[in-house]
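Every heavy atom of this structure was used, including side-chain atoms; hydrogens, water molecules and symmetry mates were not. One-based numbering along the sequence shown.
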Amino acid sequence: MEDWKSKLSFAYSTNPNFNTEEEEEIITPEPKEQKLYIELDKRNRSGKSVTLITGFIGKEEDLKELAKKLKSKCGVGGSAKDGEIIIQGDFREKIDNLLTEMGYKTKRKN
């Protein structure tokens with residue numbers, strides 16, 4: 001018999017296709033199947049510029065691993081979350097070359 005407390009956080013649906021199971025695990029596509037956008041961003045950063053890489057599809061762990069490689073190659077800090085990587089400074093050209101070498105398709109927005 002189920003515990004009544006486990007049902008407190010459950011939302012019931014009248015949708016016949018509603019699935020109560022966990023979502024399927026996200027699979028990270030191969031680099032050649034992804035298109036990453038590179039741009040310089042200065043908004044809400046106190047005048048400091050950062051290189052913003054967006055368009056990544058896949059697991060959060062894979063995103064963080066890619067960010068770690070890029071930060072290491074550029075010798076700067078940054079962060080990775082919600083499908084985007086932030087690298088401190090203007091490294092658009094260098095990151096474009098690095099991602100192309102890794103097999104990613106890239107496009108520069110600026």
Side-chain angles (χ1 to χ4, degrees):
M1 188 167 171
E2 287 188 46
D3 185 28
W4 64 272
K5 291 181 182 178
S6 67
K7 293 183 179 181
L8 288 178
S9 63
F10 187 76
Y12 288 94
S13 175
T14 57
N15 183 350
N17 296 325
F18 182 74
N19 187 3
T20 59
E21 300 297 318
E22 292 288 323
E23 292 292 322
E24 291 184 25
E25 186 175 325
I26 298 171
I27 299 171
T28 304
E30 293 293 317
K32 64 183 178 187
E33 297 171 6
Q34 295 201 44
K35 187 170 190 175
L36 302 180
Y37 297 93
I38 304 167
E39 66 180 299
L40 187 66
D41 188 22
K42 295 182 184 180
R43 290 172 284 164
N44 301 326
R45 304 190 194 282
S46 303
K48 296 187 169 115
S49 48
V50 296
T51 305
L52 186 64
I53 300 112
T54 57
F56 186 86
I57 302 167
K59 297 180 187 176
E60 197 71 20
E61 299 88 42
D62 295 335
L63 175 70
K64 290 183 181 202
E65 184 64 32
L66 178 60
K68 185 177 178 182
K69 287 178 187 176
L70 294 174
K71 292 188 299 185
S72 174
K73 295 282 186 181
C74 294
V76 295
S79 66
K81 62 181 176 183
D82 301 329
E84 65 180 25
I85 301 171
I86 298 171
I87 305 291
Q88 296 172 351
D90 184 2
F91 290 95
R92 290 175 289 178
E93 188 71 35
K94 187 171 190 173
I95 288 174
D96 191 7
N97 292 335
L98 289 170
L99 290 172
T100 303
E101 287 173 12
M102 291 180 193
Y104 289 95
K105 296 176 189 171
T106 60
K107 183 170 184 175
R108 291 175 57 174
K109 286 189 176 180
N110 308 29

Just wondering, do L66 and Y104 contact through their side chains at under 4.5 Å, heavy atoms? yes
If we check side-chain contact (heavy atoms from CB on, under 4.5 Å) with I38, which of these qualifies: I85, I95, I87? I95
Partner set under salt bridge (charged side-chain N to carboxylate O under 4.0 Å, His left out) for D90, not counting sequence neighbours: R92
[atom1] of [X] to [atom2] of [Y]: how many Å apart, nearest 0.5 Å?
| X | Y | atom1 | atom2 | value |
| --- | --- | --- | --- | --- |
| I53 | D41 | CD1 | CG | 11.0 Å |
| F56 | T28 | CZ | OG1 | 5.0 Å |
| L99 | K107 | CG | NZ | 15.5 Å |

Could you tell me whether a side-chain N or O of [X] sits under 3.5 Å from a main-chain N or O of [Y], the two making a donor and an acceptor?
| X | Y | answer |
| --- | --- | --- |
| K94 | K73 | yes |
| S72 | K68 | no |
| T106 | L36 | no |
| S79 | I86 | no |

[X] to [Y] - nearest heavy-atom pair and separation:
| X | Y | result |
| --- | --- | --- |
| S49 | K42 | CB-CG, 3.8 Å |
| L63 | K81 | CD2-N, 3.9 Å |
| P31 | M102 | CB-O, 3.7 Å |
| K105 | K32 | CE-O, 3.1 Å |
| Q88 | V50 | CA-CG1, 4.1 Å |

For I27, which fellow cluster members are found when Ile, Leu, Val, Met, Phe, Trp and Tyr are connected by side-chain heavy-atom distances below 4.5 angstrom, either directly or through intermediates? none
By side chain to side chain contact (heavy atoms under 4.5 Å, CB included), which residues pair with T54, not counting sequence neighbours? Y37, L52, E84, K109
